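Below: one structure, written as structure tokens.
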There are 2 protein chains.
Amino acid sequence: MSELESVIRKLEALDHRITPSRVAVIASVLAQSGHFSVEDVLRQARAVGRATVFRTMRLLTDLDVVCRVLLDDGSLHYRVSRRGHHHHLVCVSCGNARDLDECAVGDLVRELAAATEYEIEGHWLEFYGRCAACRSPVAVAARA
Amino acid sequence: MSELESVIRKLEALDHRITPSRVAVIASVLAQSGHFSVEDVLRQARAVGRATVFRTMRLLTDLDVVCRVLLDDGSLHYRVSRRGHHHHLVCVSCGNARDLDECAVGDLVRELAAATEYEIEGHWLEFYGRCAACRSPVAVAARA
DNA sequence: CATGACAGTGATACTTGGTATCAGTGAGAC
DNA sequence: GTCTCACTGATACCAAGTATCACTGTCATG
Ligand SMILES: [Mn+2]
Ligand SMILES: [Mn+2]
Ligand SMILES: [Zn+2]
Ligand SMILES: [Zn+2]
């Protein structure tokens, strides 16, 4: 079963209709490498209306097919998610994003809940930095 | 020395000019309780131009006079900062925000840097939940 | 205190990233 | 095959900012 088919099965399982627009958006999303913006998808799925692309991205986020990546300039990107809840480390120079192995604040959430009496429902966590390639002298020289 | 004066000293120290618009924005910011949006400041400092309010907020962020708070609906708020780098726990029901005592991911940043060879420059971290008051049966009943 | 340089201002227009609306349509249950 | 209503997409709209640029007023200097 292709990845596309498997996403379609997920939609069906939750009683969402399989429409050509949705299939086009999903195909475009699955074809992206790294993180991408809604505009990237819009550009590739020209026939699909703007509102539908946004609606489908929300749907895919809810289904955990994609995860959201908050860039350091404040813009929101997406990334195909092949795992559960996790966070990202984004290179501010080349834009490359790494998925971090696990959510590192789980313990912290429990401590916080105990200390503050809040019921903690969620969190945002993103790391920004410069990857090894972008810090190498060669890369530095090439940019100069 | 009032808080307003102390912010003005900070501006002077960095060779920024003290203008009536800036003073009006700073006064409005210092008068806010909890977190607030740029629109809140605009509403209170009517005479000041929209662009200038945004410019001044950036300036105050750079000077660490305010910190940014990312709400769970994606909107960006601000909060007077009376301390260094820290994070927030925001109640998604009443909007109340708590400053967390310290940045809890400092160790994690160092581990990540070692494991990934990224030079980590920054991070976003926000927690969302429901405070004790908003979870109490009384509050629940009152809302019903 | 003049006064000039230039940092800062704000009206206006623009952009980006979305959302509300609503008549029309086609997916899929029966 | 038929009916329903989930979904679509054109359009209009909105919120959060940014670019431009002629004007203004701060403040360093003499
Ligand atoms: Mn991810
Ligand atoms: Mn704070
Ligand atoms: Zn990089
Ligand atoms: Zn609360």
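Please read these numbers as outputs of a predicted model, since none were measured by experiment. Note on naming: letters A, B, ... go to the chains in the order of the sequence lines (proteins, then strands), and numbering restarts at 1 for each one.
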Any side-chain heavy-atom pair of [X] and [Y] under 4.5 Å:
X: B:V69; Y: B:E126; value: yes
X: B:Y78; Y: B:V29; value: no
X: B:H88; Y: B:D99; value: yes
X: A:L70; Y: B:L70; value: yes

Separation of atom [atom1] in [X] from atom [atom2] in [N], rounded to whole Å:
X: A:L71; N: C:dG17; atom1: CG; atom2: C1'; result: 14 Å
X: A:D73; N: C:dG17; atom1: CG; atom2: P; result: 9 Å
X: A:L42; N: D:dA10; atom1: CG; atom2: C1'; result: 14 Å
X: A:L76; N: D:dG17; atom1: CG; atom2: C1'; result: 16 Å
X: B:D40; N: D:dA16; atom1: CG; atom2: P; result: 10 Å

Could you state the interatomic distance from CE (B:M1) to CD1 (B:I8), rounded to the nearest 0.5 Å?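 So the gap between those two atoms works out to 10.0 Å.
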Find the distance between CE (B:M57) and CD1 (B:I26) and round it off to the nearest 0.5 Å. 10.0 Å
Inspect the contact between A:E117 and B:R135 and indicate whether a charged nitrogen and a carboxylate oxygen are less than 4.0 angstrom apart.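 A:E117 and B:R135: not salt-bridged.
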Can you tell me if B:H77 uses its side chain to pair, donor with acceptor, with the backbone of B:S75 under 3.5 Å?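 Judged by distance alone, no pair lies under 3.5 Å.
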Which side chain to side chain donor-acceptor pair (under 3.5 Å) pairs, counting each pair once, include a residue from residues 6-24 of chain B, with sequence neighbours left out?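 Applying side chain to side chain donor-acceptor pair (under 3.5 Å) to every pair that reaches into residues 6-24 of chain B, excluding sequence neighbours, yields nothing.
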Can you check nucleotides 28-30 of chain C for protein contacts, nitrogen or oxygen pairs under 3.5 Å, and list what you find?
residue: C:dG28; atom: OP1; partner: A:I18; partner atom: N; Å: 2.8

Any donor-acceptor pair under 3.5 Å between the side chain of B:R50 and the base of D:dG17? yes
Any residue meeting salt bridge (charged side-chain N to carboxylate O under 4.0 Å, His left out) with B:E102, in chain and number order, not counting sequence neighbours: none
Of residues 53-63 of chain B, the positions that come close to DNA chain D - non-hydrogen atoms, cut-off under 4.0 Å: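 Contacts with DNA chain D under 4.0 Å: B:F54, B:R58.
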Sorted by first residue and then second, give each salt bridge (Lys or Arg N to Asp or Glu O under 4.0 Å) pair with at least one member in residues 68-78 of chain B; sequence neighbours left out. none
Set out, line by line, the N/O atom pairs under 3.5 Å between protein and nucleotides 1-4 of chain C.
none

If each of B:V38 and B:P20 is mapped to the nucleotide of DNA chain D with the nearest heavy atom, which maps nearer the 5' terminus, i.e. the 5' end?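 That would be B:V38.
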Sugar-phosphate only, base, or nothing, as touched by B:A47 at under 4.0 Å among non-hydrogen atoms: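 B:A47: backbone/sugar contact only, no base atoms under 4.0 Å.
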What is the nucleic acid contact for B:V48, judged by heavy atoms within less than 4.0 Å: base, sugar-phosphate only, or nothing?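 Sugar-phosphate, backbone atoms only, no base.
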Looking only at D:dT8, C:dG10, D:dG17, the nucleotide nearest the A:S21 side chain is D:dT8
Among C:dT9, D:dT8, C:dG18, the one nearest B:R22 by side-chain distance: C:dT9
